[in-house]
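Excluded from the calculations below are hydrogen atoms, water molecules and symmetry mates; all remaining heavy atoms, backbone and side chain alike, are included.
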Amino acid sequence: MAEPADHSVRERALDASESFIVQAPAGSGKTELLIRRFLCLLAIVAEPEEVVAITFTKKAAAEMRERVVQVITQASSPQPSRKYDRALHKIAQRAWANNQRRNWRIERHPARLRIQTIDALCAAITRQMPWLSGFGAPSQVVEDATELYRSAALDTVRLVASGRDDWRRAVTVLLQHLDNQLYRAVDMLTEMLRYR
């Protein structure tokens, strides 16, 4: 890969002591930059689980994890000829050295790399603290949450209607505008939750 025109800005984004927001169009190298930053962080942490990368899809998470493992395991290979590739190789060598020093065995246990979807991260957090989440059974991700939104909307209307006078008046006004049809209010709130 040739060195990008914004190379100096990308290098600055690898500074683990600072936070950055990266905005760029598709195909501009955001994932490559994220992989480099992930490797920089792996080079300095005590455990690989301390570094978390969040993607939109399971497929993207799997591809990124595979790429990180590939780059780390190639760190012991000869140095690439191109300058930009040498920089990645150098970062990977530091991550590999920390992997070796701390006996993580990332090459054998890639699941230790916390590259996951936001749903997977939330599920992991609730599994670690079930008493705080209030779940009696293990949580699970649902593809269509419409019924959950409907239940939350109905509970909200009931709670607000039974509460303080100012909230009760607000629900009364809403229901008057909807010809006193509670189901329409619940439907509207359900749609709002879907597109929150």
Side-chain angles (χ1 to χ4, degrees), residues 13 19-42 45 47-73 95 104-163 167 170-171 173-175 177-196:
S19 296
F20 297 91
I21 295 174
V22 177
Q23 293 178 309
S28 60
K30 294 183 300 292
T31 302
E32 174 76 17
L33 180 61
L34 182 58
I35 288 169
R36 287 172 182 257
R37 184 163 169 95
F38 196 89
L39 290 167
C40 286
L41 292 167
L42 282 179
V45 296
E47 298 295 335
E49 292 86 358
E50 294 176 42
V51 184
V52 178
I54 299 172
T55 66
F56 285 105
T57 65
K58 292 176 186 178
K59 181 182 178 193
E63 288 172 2
M64 187 175 164
R65 183 179 303 105
E66 182 179 312
R67 180 79 195 282
V68 169
V69 171
Q70 177 188 25
V71 171
I72 288 177
T73 55
W104 296 339
R105 300 174 144 199
I106 293 297
E107 66 284 4
R108 287 184 159 174
H109 306 288
R112 292 194 70 186
L113 298 174
R114 295 191 63 189
I115 302 170
Q116 55 200 151
T117 63
I118 188 70
D119 292 336
L121 176 65
C122 291
I125 291 169
T126 57
R127 278 193 305 273
Q128 290 175 5
M129 298 180 286
W131 62 92
L132 291 178
S133 68
F135 291 141
S139 62
Q140 59 187 17
V141 176
V142 295
E143 293 298 322
D144 181 9
T146 304
E147 287 308 310
L148 297 172
Y149 296 149
R150 183 174 308 288
S151 176
L154 186 56
D155 288 349
T156 300
V157 170
R158 286 180 180 151
L159 178 69
V160 170
S162 68
W167 288 112
V171 171
V173 169
L174 173 65
L175 289 174
H177 285 288
L178 299 175
D179 295 328
N180 214 26
Q181 296 176 1
L182 180 63
Y183 74 90
R184 285 183 60 201
V186 170
D187 286 347
M188 289 173 65
L189 289 171
T190 300
E191 283 302 303
M192 287 173 61
L193 288 171
R194 181 190 316 246
Y195 298 106
R196 68 195 186 287

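The minimum heavy-atom distance linking Trp104 with His109 is given by the pair O-CD2, 4.0 Å. The minimum heavy-atom distance between Ala24 and Ser28, with the atom names listed, is CB-OG, 3.0 Å.
Note that CD1 of Ile115 and CD of Glu66 are 11.0 Å apart. Values are rounded to the nearest 0.5 Å. Summarising the geometry, atom CD1 belonging to Ile54 is positioned 7.0 Å from atom CD belonging to Gln116; distances are rounded to the nearest 0.5 Å. For the atom pair CD1 (Ile106) and CG (Leu42), the distance works out to 6.5 Å, reported to the nearest 0.5 Å. Taking CD1 from Ile118 and CZ from Phe56, the interatomic distance works out to 9.5 Å, rounded to the nearest 0.5 Å. The structure places CE of Met64 at 3.5 Å from CG of Leu34, a figure rounded to the nearest 0.5 Å. Here CG of Leu178 is found 10.0 Å from CG of Asp187. Values are rounded to the nearest 0.5 Å.
Side-chain contact annotation: Asp119 with Thr117, donor-acceptor N/O pair under 3.5 Å absent.
In this structure, the side chain of Asp144 engages the main chain of Thr146 through a donor-acceptor pair within 3.5 Å. Panel note: side chain Thr190, backbone Val186; a donor-acceptor pair is recorded below 3.5 Å.
In the displayed structure, Lys58 atom NZ is contacted under 6.0 Å by at most 12 heavy atoms of other residues, nucleotides or ligands.
The side chain to side chain contact (heavy atoms under 4.5 Å, CB included) search around Leu41 returns Ala16, Arg37, Ile44, Val51, not counting sequence neighbours. For Asp155, there are no side-chain hydrogen bond (donor to acceptor under 3.5 Å, both in side chains) partners at least two apart in sequence or on another chain.
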Problem - CA sep, side-chain torsions, deciding dist, call: Glu63, Arg67, salt bridge (Lys or Arg N to Asp or Glu O under 4.0 Å) - result: CA-CA 6 Å; Glu63 288 172 2; Arg67 180 79 195 282; over 6 Å; no
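Each of Glu50, Glu107, Glu47 was scored for a salt bridge (charged side-chain N to carboxylate O under 4.0 Å, His left out) with Arg112, with one residue passing: Glu47.
Looking at heavy atoms from C-beta onward, Arg114 lies in side-chain contact with Leu121 at the 4.5 angstrom threshold.
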